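Keep in mind that what you see is a predicted model, and the values were worked out from it rather than measured.
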There are 2 protein chains.
Amino acid sequence: MTSTGQAGPVVDQNGRPLGPRALRTRSRLLEATRRLLDERPLRDVAVVDIARRAGTSPATFYQYFKGPEEAILELAARAADEMPGVLEELRGLAPGPGALPAARAFVRAFIAHWDRHRAVLLVRNLAAESGDRRFARVRRRALGPLLERLAALTAEGQRSGNVSRHLNPHAGGAALASIVERLSAYHRELEPTGVSLEDLVETTARILVQVATGTPPD
Amino acid sequence: MTSTGQAGPVVDQNGRPLGPRALRTRSRLLEATRRLLDERPLRDVAVVDIARRAGTSPATFYQYFKGPEEAILELAARAADEMPGVLEELRGLAPGPGALPAARAFVRAFIAHWDRHRAVLLVRNLAAESGDRRFARVRRRALGPLLERLAALTAEGQRSGNVSRHLNPHAGGAALASIVERLSAYHRELEPTGVSLEDLVETTARILVQVATGTPPD
DNA sequence: GGCAGAAGCTGAGATAGCGTCAGATCGGTC
DNA sequence: GACCGATCTGACGCTATCTCAGCTTCTGCC
């Protein structure tokens with residue numbers, strides 16, 4: 001199974017499975033797309049550019065992808081494959097003294113993940129929010145487990161009486177995930193205003209712990 | 001002063017000020033852009049389409065705008081002009097019993113604002129996050145006052161001892177604004193998973209109050 | 001080594017939107 | 001009813017998309 005979630009081997013636009021040479025060409029095209037997207041907005045990334053940078057021709061690109069978007073969809077899927085590792089950091093996030101360090105480590109890992117894949121994730125989010133099902137699916141695959149984890153934590157906090165019954169756990173999970181994702185996307189714009197990355201990590205981690213477990217650290 | 005923040009009257013691409021007929025044509029073009037953007041992603045909105053829908057020609061469009069993006073920039077600036085009204089709702093958000101209703105009203109107003117301008121705001125955010133200064137500026141103009149308000153509230157909470165000293169007020173403000181903005185953008189995708197708009201409003205409002213004032217409502 | 005067939009690649013071309021400019025049209029004025 | 005500035009557009013050259021038919025390269029077989 002590929003990282004896009006399709007079953008079976010990688011195929012070209014006609015459904016034919018790819019041999020080793022073709023796979024290498026396809027990889028070069030993906031890598032070229034990734035690099036170009038780091039340099040300029042999607043609108044300015046032409047298929048010709050991708051092909052040239054990959055040392056091949058536009059026609060070859062179209063053999064493997066419907067267009068730049070489809071290549072980005074696959075890059076987003078690959079990024080999603082990294083999420084389990086990032087979520088690992090959340091293991092220690094349970095009421096108690098280990099909560100804050102775990103939250104910090106998680107926030108740091110999440111931001112690093114975003115910094116690695118910023119351009120791709122921005123396109124993913126725009127496409128998903130604009131109604132593109134494929135991108136919405138990849139996004140859900142990446143963030144769903146985070147939402148669930150935070151929701152479960154909130155629900156647990158409610159059971160133990162530390163978190164208000166008036167919160168909806170899923171909405172709370174979504175809200176907390178929003179902070180982490182949004183600030184990851186934005187921290188570069190925030191830093192010039194005097195908020196350091198460490199301020200962001202510390203503040204976000206503390207909000208996570210406070211809201212999800214109901215017990216403010218300190 | 002126009003809503004883009006430029007001084008003086010509206011001008012065309014050659015800097016010539018517009019007469020009443022031209023202003024009407026320009027307005028039709030803006031409205032057509034808005035409507036098309038609600039129907040499909042920016043990538044699929046051609047200048048030809050905008051012109052046709054406005055009952056004019058592509059050449060006319062180029063007389064007033066460099067391209068679709070510039071039209072959207074102006075639409076985003078107009079949306080930003082609505083923000084003071086939305087922020088009005090925040091007036092009552094101070095420690096005390098009025099905090100929760102004020103927070104609810106604010107969250108509702110903010111979501112309604114997003115629902116009105118969703119397509120434009122998505123493009124604005126993508127462009128801003130991709131490094132486009134003009135869009136970043138409009139975005140700051142819209143959200144800056146919200147950030148400041150929430151940061152001030154948090155700082156006040158710290159002074160009165162209700163909010164942890166370890167939070168950075170500006171980071172906290174940004175985090176809370178993130179929730180509101182992100183969930184406004186996302187609530188449509190969340191609803192199918194069983195989280196109602198009211199759940200979202202209630203949960204977000206409570207998190208706002210709890211984090212910013214340090215006193216959980218209840 | 002040489003050859004057949006499969007695998008992979010691309011040149012060339014039809015199509016479509018972009019952005020410009022010279023000139024047509026409109027609408028008010030005398 | 002002729003003029004004039006304001007406004008609009010037809011037409012054109014350009015660039016990028018996307019598609020084939022056919023070319024090149026590889027592989028295994030004799």
Side-chain angles (χ1 to χ4, degrees), chain A residues 2 8-33 35-37 39-74 123 127 132 134, chain B residues 2 8-33 35-37 39-74 123 127 132 134:
Chain A
T2 75
V10 183
V11 299
D12 72 7
Q13 289 302 94
N14 303 315
R16 214 171 279 160
L18 302 187
R21 178 153 67 123
L23 277 170
R24 254 176 291 130
T25 303
R26 211 181 97 108
S27 275
R28 287 206 319 276
L29 286 165
L30 280 170
E31 180 57 21
T33 305
R35 298 245 306 269
L36 281 167
L37 209 59
E39 293 171 16
R40 28 186 145 122
L42 175 55
R43 147 180 56 83
D44 296 334
V45 173
V47 171
V48 191
D49 303 332
I50 300 175
R52 255 202 291 273
R53 177 153 324 188
T56 180
S57 79
T60 300
F61 178 90
Y62 285 109
Q63 184 134 42
Y64 300 117
F65 305 101
K66 275 207 189 2
E69 282 217 349
E70 205 182 86
I72 297 169
L73 181 62
E74 172 144 350
V123 173
D132 187 307
R134 303 162 308 163
Chain B
T2 74
V10 183
V11 299
D12 72 7
Q13 290 300 95
N14 303 316
R16 213 171 279 159
L18 302 188
R21 179 155 66 122
L23 277 170
R24 254 176 292 130
T25 303
R26 211 182 97 108
S27 275
R28 288 206 318 277
L29 286 165
L30 279 170
E31 180 57 19
T33 305
R35 297 245 307 270
L36 280 166
L37 209 59
E39 293 170 16
R40 28 188 146 123
L42 175 55
R43 148 181 55 84
D44 296 334
V45 174
V47 171
V48 191
D49 303 332
I50 300 175
R52 256 202 291 273
R53 177 153 323 189
T56 180
S57 79
T60 299
F61 179 91
Y62 285 109
Q63 185 134 41
Y64 299 117
F65 304 101
K66 272 206 189 4
E69 283 217 350
E70 204 181 87
I72 297 170
L73 181 62
E74 171 145 353
V123 172
D132 187 304
R134 303 163 307 164

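Rounding to the nearest 0.5 Å gives a distance of 11.0 Å between OG1 of B:Thr33 and CD of B:Glu70. Between the CZ atom in B:Arg134 and the CD atom in B:Glu69 there is a gap of 6.0 Å [rounded to 0.5 Å]. Summarising the geometry, atom OG1 belonging to B:Thr25 is positioned 11.0 Å from atom CG belonging to B:Leu30; distances are rounded to the nearest 0.5 Å.
Per the geometry, CG belonging to B:Leu42 stands 14 Å off C1' belonging to C:dG17, to the nearest Å. Put simply, CG on B:Leu36 is 15 Å from C1' on C:dG17, counting in whole angstrom units. Regarding A:Arg26, its CZ atom lies at a distance of 17 Å from the P atom of C:dA7, rounded to whole Å. Whole-Å rounding puts the A:Gln13 CD to D:dC20 P distance at 12 Å. What separates CG of A:Asn14 from C1' of C:dA6 is a distance of 15 Å, to the nearest Å. Distance, B:Asp12 CG to D:dG5 C1': 13 Å, rounded to whole Å. Look at CZ on A:Arg43: it is 14 Å from C1' on C:dC18, rounded to the nearest Å.
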Would you list the protein and nucleotides 8-18 of chain D atom pairs, both N or O, that sit under 3.5 Å from each other?
{"unit_1": "D:dC8", "atom_1": "OP1", "unit_2": "B:Thr25", "atom_2": "OG1", "d": "2.2"}
{"unit_1": "D:dC8", "atom_1": "OP2", "unit_2": "B:Tyr64", "atom_2": "OH", "d": "2.4"}
{"unit_1": "D:dT9", "atom_1": "OP2", "unit_2": "B:Thr56", "atom_2": "OG1", "d": "2.4"}
{"unit_1": "D:dT9", "atom_1": "OP2", "unit_2": "B:Ser57", "atom_2": "N", "d": "3.2"}
{"unit_1": "D:dT9", "atom_1": "OP2", "unit_2": "B:Thr60", "atom_2": "OG1", "d": "3.0"}
{"unit_1": "D:dT17", "atom_1": "OP1", "unit_2": "A:Val47", "atom_2": "N", "d": "2.8"}
{"unit_1": "D:dC18", "atom_1": "OP2", "unit_2": "A:Tyr62", "atom_2": "OH", "d": "2.8"}

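Comparing A:Pro17 and B:Arg52 by the nucleotide of DNA chain C that holds the closest heavy atom to each, the one mapping nearer the 5' end is A:Pro17.
Minimum interatomic distance between B:Leu29 and B:Ala51 (heavy atoms only, all atoms of both residues): CD2-CA, 4.2 Å.
Within 6.0 Å of CZ in A:Arg40 there are more than 12 heavy atoms belonging to other residues, nucleotides or ligands.
Of the candidates A:Thr60, A:Thr56, A:Leu18, A:Leu18 is the only one forming a side-chain contact (heavy atoms from CB on, under 4.5 Å) with A:Arg26.
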